[in-house]
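Each chain gets a letter, A, B and so on, in the order its sequence line appears, and its residues count up from 1. Because the structure is predicted, anything quoted here is derived from the model rather than measured.
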Protein chains: 2
Amino acid sequence: MAEDMSEIFKHKQRSRLIDVARRAGVSVITASRALRQPELVAPETRERVRQAVEALGYVPNPAAQALAMARSRVIGVVIPSVTNSVFAELLRGVMDATEGTPFHLQFANTRYQTRREEELVRLFAAQNPAGLIVASIDQSPASRAILTGMGCPVVQVMEIGPEPIDIMIGCNQTEAARAAVRHLIEQGYRRIGFLGARMDPRAQRRLAGYRQELESAGLAEPLRVLTTPEPSAVTVGRRLMADFLAQYPEADAVFCVNDDVALGALFECASRGLRVPRQMGIAGFNDLDMAQGAEPGITSVRTHRYAMGRQAVAAILEAAEGRRPEPAVIDLGFSLMVRGSTRRMGGA
Amino acid sequence: MAEDMSEIFKHKQRSRLIDVARRAGVSVITASRALRQPELVAPETRERVRQAVEALGYVPNPAAQALAMARSRVIGVVIPSVTNSVFAELLRGVMDATEGTPFHLQFANTRYQTRREEELVRLFAAQNPAGLIVASIDQSPASRAILTGMGCPVVQVMEIGPEPIDIMIGCNQTEAARAAVRHLIEQGYRRIGFLGARMDPRAQRRLAGYRQELESAGLAEPLRVLTTPEPSAVTVGRRLMADFLAQYPEADAVFCVNDDVALGALFECASRGLRVPRQMGIAGFNDLDMAQGAEPGITSVRTHRYAMGRQAVAAILEAAEGRRPEPAVIDLGFSLMVRGSTRRMGGA
DNA sequence: CTGTTAGCGCGTTCAC
DNA sequence: GTGAACGCGCTAACAG
């Protein structure tokens, strides 16, 4: 009876290093060395250990390693949102770069809540991770303090700003937004609006870029801005565009905080028979696949999110090998992808 | 000099349980109990410990806990792909359900490769996770063997099938596909094609549903199927639709393996002046936000991915509290969302 | 209600 | 080249 119970999800011990050692006829430490510093072990011993590992399907216990080394092989990833597809590409970069390494990825999302972020950072800190990737540059003072004393490289991604904790990899959101708005102006649009959803800090900086560019072109009066606290989505974009047209019927273009909203705006125009780009120019941000695939294609700002993910991990791996990376701000830039949704001036 | 070096990412020890105990003037074990089984500790002692924890900002070391308990607080999540947005909602459910619990989420993706899946499952097994969520029901025999002996609940999500390892939560993909195709037939479409990308097992079963439904309606000759090995995307959908129209100019509808492809198909029709739904019906799968926001809206099959994520975690939490869940297959069903892209018969 | 003892699996000293 | 001893921080058994 008692034995039946113990079978219930009770951990059946998998092979330990000592099992490997016994099977190979060596001491535990020799087995350990054979795996971690093979060059210090006689080739023949090394081979016996290798065979034992294979035969037993030995995989080291990460908890024991972490405890003994005071350092785990976890790379923590903190993102503000999972639904937002921009983070999907970042994650792809992170996952690809982690593949084939002995590191594991642990995730958490803050939902753009400062309190949650602090709690998460604290939780990660307790794990002595190999590194931490944070998809934001807007940490609270408390979070920043913990991150600074983390004892491992902290990489802030998506965006760059003035004071990196360790490393920052991203692009200047304000400048990128300005480039998009500048393009609209160059295409002859004059009454350019802004559509925004869930105005997180990154969105705020895009809005700032929009405003700056209009100001420097003398087109800032009046400012046609419409935002909603909801998270962005195609359906939200439609509703925003509908409201925007009601509020600013004279507008001739919109810069959207991202491609989801832009696509919604495009559909709303389509359903009203508003011609894009002739009567209404639409520009987005992020250059998701849907912007490229739309008809007409949606002009958008491409940022290099996949590369950010890869480089963030690369920096952590480097630090794990003992080379402490210099605090650095790495600007990966952006590219304006001009497509049919804003091409009003003859392209020839 | 040596001290300078030791400062470099050397772990500065955070507060340990023993520090808490000393500060509270009790033994380590009392402190431990105060945190884990408060009811067994005198209220006043409990309070002293609580204050010490707060003052020191104590967070338990998960590695040490995992080692001592032979069980970690990690919930492993294995998904085939990160770019595919269907997994985003699953993850949202998983993350939401994990919030406020002492569990961490660890992720990995298989890229639909059997070998990678085996390796990952093995790696997770070494961690003695609290549970494992696998977004697939197509495990290789080797993976299955490891999963079966995992010693923790294994939840297969997204789809249901005949032989659950422990728990399966999802919906019947074949039936769901049939429902969509049946709807097309009911709307009067007769020459219905199938557009597919990266035909993973789940996609294969949708294709099977498509075929079964056409067969039972006597419309299976000829079968108009076009697929590509690329991962699905809006741009891919456009190309598929273009090729499909060239190959089957007589077709009057398409059932697309997912909404990304369906949206691409819709755009391709728009760019050719093909009227949807009059001349061409389009149905998708997953009911992403973009399907709802499109113009016309895209008819799609809604599956309850968020709920799957939540329930998967819930089952693991339950098991962690000692109640071993019965092996079970939980069918969350699906809903056909009928929208403008297929509404050909007068709706009044 | 509280404390003592022992060990989880591995890595880091040191010796040999 | 190899091995013995000890400790990482915590928890599970027992005592008291």
Side-chain angles (χ1 to χ4, degrees), chain A residues 2 6 10-49 52-53 56-73 102 125-128 130 151 320, chain B residues 6 10-49 52-53 56-73 102 125-128 130 151 320 322:
Chain A
S6 71
K10 177 112 180 199
H11 176 50
K12 343 183 167 68
Q13 187 50 58
R14 270 166 274 289
S15 59
R16 297 155 302 170
L17 190 51
I18 195 173
D19 301 323
V20 172
R22 278 205 266 265
R23 194 174 221 277
V26 297
S27 76
V28 190
I29 177 57
T30 303
S32 169
R33 263 200 288 260
L35 297 174
R36 310 177 8 82
Q37 311 170 24
E39 66 281 3
L40 297 185
V41 170
E44 152 190 325
T45 314
R46 196 188 312 164
E47 175 59 16
R48 283 215 313 281
V49 171
V53 166
L56 272 58
Y58 169 72
V59 181
N61 181 331
Q65 291 187 137
L67 189 57
M69 299 193 303
R71 171 71 58 228
S72 79
R73 293 202 195 289
Q127 296 202 42
N128 304 118
Chain B
S6 71
K10 178 113 182 199
H11 177 49
K12 342 182 168 61
Q13 188 50 57
R14 268 166 277 287
S15 59
R16 297 155 302 171
L17 189 52
I18 193 173
D19 301 323
V20 171
R22 278 205 267 264
R23 195 173 219 279
V26 296
S27 76
V28 188
I29 179 58
T30 303
S32 169
R33 263 199 289 259
L35 297 173
R36 311 178 5 83
Q37 309 171 23
E39 67 281 4
L40 298 185
V41 170
E44 149 189 329
T45 314
R46 198 189 308 164
E47 176 56 16
R48 284 217 311 281
V49 172
V53 166
L56 273 58
Y58 170 73
V59 180
N61 181 331
Q65 292 188 137
L67 190 57
M69 301 194 301
R71 170 74 57 226
S72 80
R73 293 203 193 289
Q127 295 201 45
N128 304 121

Counting only side-chain nitrogens and oxygens, does T45(B) get under 4.0 Å of the OP1 or OP2 atom of dC1(C)? no
Could you check if a side-chain atom of I29(A) sits within less than 4.5 angstrom of a side-chain atom of R33(A), using non-hydrogen atoms only? yes
Please find the pair of heavy atoms, one from V59(A) and one from A126(B), that lie closest to each other, and give the distance. CG1-CB, 3.4 Å
Return the minimal non-hydrogen interatomic distance between R71(B) and G151(B), and the atom names on each side. NH2-O, 2.7 Å
Looking only at heavy atoms, which two atoms of L56(B) and V20(B) are closest? And how far apart? CD2-N, 3.9 Å
Between dG9(D), dG3(D), dT2(D), which nucleotide has the shortest distance from any of its atoms to the side chain of L67(A)? dG9(D)
Below 4.5 Å, heavy atoms only, C-beta onward: do L35(B) and L17(B) meet side chain to side chain? yes
Exercise: identify the closest heavy-atom pair between V41(B) and T30(B): CG2-O, 4.2 Å
Would you check if the side chain of R46(A) reaches a backbone N or O of A34(A) as a donor-acceptor pair within less than 3.5 Å? no
Are any protein N/O atoms closer than 3.5 Å to N/O atoms in nucleotides 11-13 of chain C? If there are, list each pair with its distance.
| from | atom 1 | to | atom 2 | distance (Å) |
| --- | --- | --- | --- | --- |
| dG11(C) | OP1 | Q65(A) | OE1 | 3.2 |
| dG11(C) | OP2 | S32(A) | OG | 3.3 |
| dT12(C) | OP2 | R36(A) | NH2 | 2.8 |

Quick check against the 3.5 Å criterion: does S72(B) have a side-chain atom that pairs as donor or acceptor with the backbone of Q127(B)? yes
Tell me: CG of L40(A) to P of dC14(C), nearest whole Å? 16 Å
For the helix from dC1(C)-dG16(D) to dC16(C)-dG1(D), what is the angle between the axes at its two ends, each from 5 pairs, rounded to 10°? 30°
